[in-house]
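The structure appears below as structure tokens.
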Amino acid sequence: MIRLYDTLSRSKRDFEPLSPPFVGVYVCGPTVYGDSHLGHAKSYVSFDVLVRFLRYSGYRVRYVQNITDVGHLSDDADAGDDKIQRQARLERLEPMEIAEKYTRSYFDDMDRLGNLRPDISPRASGHIPEQIELVRTLIEKGHAYQSGGNVYFSVRSFPGYGRLSGRKPDELRAGARVEVQADKRDPLDFALWKEADGGHILKWRSPWGWGFPGWHLECSAMAMRYLGNTIDIHGGGLENAFPHHESEIAQSEAATGSTFARFWLHNNMVTIDGQKMGKSLGNARSLKEMFDRCDPMTIRLYILRSHYRSPLDFSDEGMASAASALARIRDLSSRLEPSAGGSDAADQPPFVHEALSAFTDRLADDLDTPGGVAVLFDYVRKCNQALEAGAEPGARSAMRSGLDMMAQNILGLTMQGTGSGAGGEETLLGLLAESRSIMRKARLFAEADRMRDILAEEGYSVKDLPGGESSIERISSAP
RNA sequence: GGCGGCGUAGCCAAGUGGUAAGGCAGCGGAUUGCAAAUCCGCCAUUCAGCGGUUCGACUCCGCUCGCCGCCUCCA
């Protein structure tokens with residue numbers, strides 16, 4: 001039984017889908033106006049492991065993650081520039097070029113982190129009719145009102161508002177900003193549809209004139225379009241619990257009368273050297289920047305070593321530690337490599353099954369990846385022990401599949417390094433390894449060690465294997 | 001001010017009523033031409049502090065101190 005912490009009920013609950021074996025997962029995706037950063041990595045790696053684990057557990061998951069390409073305003077929730085449009089002005093491109101450019105950039109980064117692509121990546125701009133329809137329904141049911149070219153959701157008409165984030169409308173009102181859109185009946189009300197003023201390029205025709213959808217609206221419309229009125233799991237970053245998710249619940253449930261999401265999962269935030277990471281603080285590190293200096297899988301393991309609901313602090317020391325840990329897993333993987341023989345259940349050492357079972361127990365407890373990683377390292381030690389003791393091919397093969405299941409299939413850690421990108425590099429490394437081997441056999445140790453030192457400086461690790469052969473691997477991409 | 005979270009060894013991090021997982025770093029040993037990798041051993045009488053409940057608490061309750069997030073856009 002999988003247990004997940006649900007923000008709405010503030011407790012871990014047994015997970016049971018509405019219609020087994022199908023599971024609908026909706027995760028708030030990026031607003032595509034810039035390169036992805038570490039915060040995106042933490043969030044989407046976590047939810048990727050959730051989806052992988054659900055599938056491993058036998059569920060048929062439909063994973064929907066939106067791409068916000070319109071409607072996300074830069075200042076107040078209901079005022080200011082559209083983020084895409086602002087970036088378009090800066091880069092002197094069409095807004096849709098910006099959206100396309102950063103959507104591709106996002107997918108590229110997530111691919112390198114080993115995240116599976118969502119099954120559906122719906123664009124807000126591609127679902128305007130659904131959003132308009134939702135607004136009409138809300139107006140009909142008396143939960144929304146038109147004010148000039150704008151349409152607002154009437155927060156007071158939905159009694160449950162504030163439950164998710166633990167806020168009370170009356171207290172919110174006291175702390176509300178001074179400058180409130182003048183045409184709102186209540187300062188708490190949020191925009192469903194905004195009138196497009198003069199400079200607005202991204203706009204559509206609607207019953208209320210030319211305009212564009214409010215930010216919260218897209219998620220409700222697209223989630224319900226692809227997953228039905230009630231979705232099993234809704235995920236997102238903690239900072240979106242209020243007001244984004246709160247508003248999603250209000251507008252969806254007011255429209256359908258059904259529970260919108262049965263489980264709300266929130267991912268905690270990223271800090272850098274103990275400081276909040278934020279675009280406004282200027283310390284947001286883009287993933288592309290980091291990938292220049294480290295293997296994306298190091299970042300993935302770093303993220304997985306802490307729990308998704310805990311804040312995660314990034315530091316150089318932590319990165320070094322994660323890199324060493326990753327190397328330990330990969331070293332085992334390459335030791336296991338030659339044993340691609342057929343596996344026989346009888347040959348399977350008992351610890352393989354034990355580890356797998358302990359591993360899935362940890363993951364089933366609210367996605368305890370740090371616990372799972374601990375089990376994995378226990379397993380790595382046991383495999384190495386067995387290897388030292390001279391494991392039979394059948395046992396090696398069983399160990400290999402255990403490692404693949406935990407590290408690759410569920411945690412999504414790929415075993416091959418990023419190194420061998422350049423075309424002829426592998427051939428050259430093979431040649432060098434052979435040279436070192438010949439030198440050592442001729443007892444030309446000084447020459448052989450000089451080669452090893454130089455290669456080490458260039459970021460390669462040299463290992464001498466039993467039998468006199470050597471192997472050379474790239475450790476870091478740019479020393 | 002309101003809401004929420006966290007404080008476990010040098011660093012990272014599980015455990016959440018029965019007597020402290022795992023990783024990194026470090027130290028000693030085996031192995032090696034020397035290394036690397038690997039294996040073995042060592043590395044928190046103690047879980048921010050103080051009270052309370054209990055046969056027993058890191059785990060439950062209360063208080064104190066410290067750190068962080070959200071409450072305006074951000075994953």
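Chain A is the first sequence line, chain B the second, and so forth, proteins listed ahead of strands; every chain is numbered from 1.
Residue A/S165 is in sugar-phosphate contact alone, with no base atom involved, counting any heavy-atom pair closer than 4.0 Å across all strands shown. A/G237 comes within contact range of the sugar-phosphate backbone alone, with a heavy-atom separation under 4.0 Å but no base atom that close. Residue-level contact check: A/D331 touches the backbone only, with heavy atoms under 4.0 Å from sugar-phosphate atoms and none from bases. Counting non-hydrogen atoms under 4.0 angstrom, A/Y302 reaches nothing in the nucleic acid. Looking at heavy-atom distances under 4.0 Å, A/G318 makes no contact with the nucleic acid at all. Contacts of A/V270 with the nucleic acid, taken as non-hydrogen atoms under 4.0 Å apart, include base atoms. A/N240 comes within contact range of the sugar-phosphate backbone alone, with a heavy-atom separation under 4.0 Å but no base atom that close. At the heavy-atom level, A/R163 lies nowhere under 4.0 Å from the strands shown. When heavy atoms are screened at a 4.0 angstrom cut-off, A/R309 is found touching no nucleic acid atom at all. Across all strands, A/S324 comes closer than 4.0 Å only to sugar-phosphate atoms, never to a base (heavy-atom distances). Across all strands shown, A/S310 has heavy atoms under 4.0 Å from sugar-phosphate atoms exclusively, and none from any base.
When each of A/R163, A/R13, A/R309 is checked for a salt bridge (Lys or Arg N to Asp or Glu O under 4.0 Å) with A/D6, only A/R13 meets the rule. In summary, of the residues considered (A/M415, A/M297, A/R300), a side-chain contact (heavy atoms from CB on, under 4.5 Å) with A/L326 occurs for A/M297 alone. The side-chain contact (heavy atoms from CB on, under 4.5 Å) test with A/S247 singles out one residue from A/Y161, A/F153, A/F158, and that residue is A/Y161.
Out of B/C70, B/U38, B/C24, the shortest distance to the side chain of A/E388 is found at B/U38. If you check B/C24, B/A75, B/A36 against the side chain of A/A325, the one that comes closest is B/C24. In this structure, the nucleotide among B/G23, B/A13, B/A25 sitting nearest to the side chain of A/S321 is B/G23. In this structure, of B/C34, B/C73, B/G23, it is B/G23 that holds the atom nearest to the side chain of A/R305. For A/D368, the listed nucleotide lying nearest its side chain is B/G15; candidates were B/C39, B/G15, B/C34. In the set B/G15, B/A37, B/G22, the nucleotide with an atom closest to the side chain of A/R381 is B/G22.
Computed from coordinates, the A/R362 CZ to B/G23 P distance equals 16 Å when rounded to whole Å. The interatomic distance linking A/N268 (CG) with B/A13 (P) rounds to 12 Å, in whole Å. Here B/G5 presents its P atom at 18 Å from CH2 of A/W264, a figure rounded to the nearest Å. As a whole-Å value, the separation of A/Y5 OH from B/U16 C1' is 14 Å.
Using the Watson-Crick or G-U wobble rule with both distances under 3.5 Å, B/U31 pairs with nothing in any strand shown. Figure legend. B/C60 is base-paired to B/G52; pairs are counted as Watson-Crick or G-U wobble with both atom distances under 3.5 Å. The partner of B/A37 cannot be assigned: no Watson-Crick or G-U wobble pair with both contacts below 3.5 Å exists in any strand. Nucleotide B/C42 forms a pair with B/G26, judged by Watson-Crick or G-U wobble geometry with both contacts under 3.5 Å. Under the Watson-Crick or G-U wobble criterion, with both distances below 3.5 Å, B/G1 is paired with B/C71. If you check B/C6 for Watson-Crick or wobble pairing at under 3.5 angstrom, you find it paired to B/G66.
Between the C1' atoms of B/C11 and B/G56, the separation comes to 33 Å (whole Å).
No N or O donor and acceptor, one from the side chain of A/R167 and one from the base of B/G1, sit under 3.5 Å apart. One can find a donor-acceptor pair under 3.5 Å joining the base of B/G33 and the side-chain atoms of A/D449. Between the side chain of A/D464 and the base of B/C34, at least one donor-acceptor pair of N or O atoms lies under 3.5 Å. Side-chain to base pairing of A/R452 with B/C34: one donor and one acceptor N or O lie within less than 3.5 Å of each other.
By the 5.5 angstrom centroid cut-off and the 30-degree plane limit, A/F377 is classified as not stacked against the base of B/G23.
For an aromatic pair to be called close, the ring centres must be under 6.0 Å apart, and A/H307 with A/Y5 fails this.
Ion pairing of A/D331 with A/R335 is absent here, as no side-chain N (NZ or NE/NH1/NH2) approaches a carboxylate O to less than 4.0 Å.
Residue A/R328 places at least one side-chain N or O under 4.0 Å from the OP1 or OP2 atom of B/U38.
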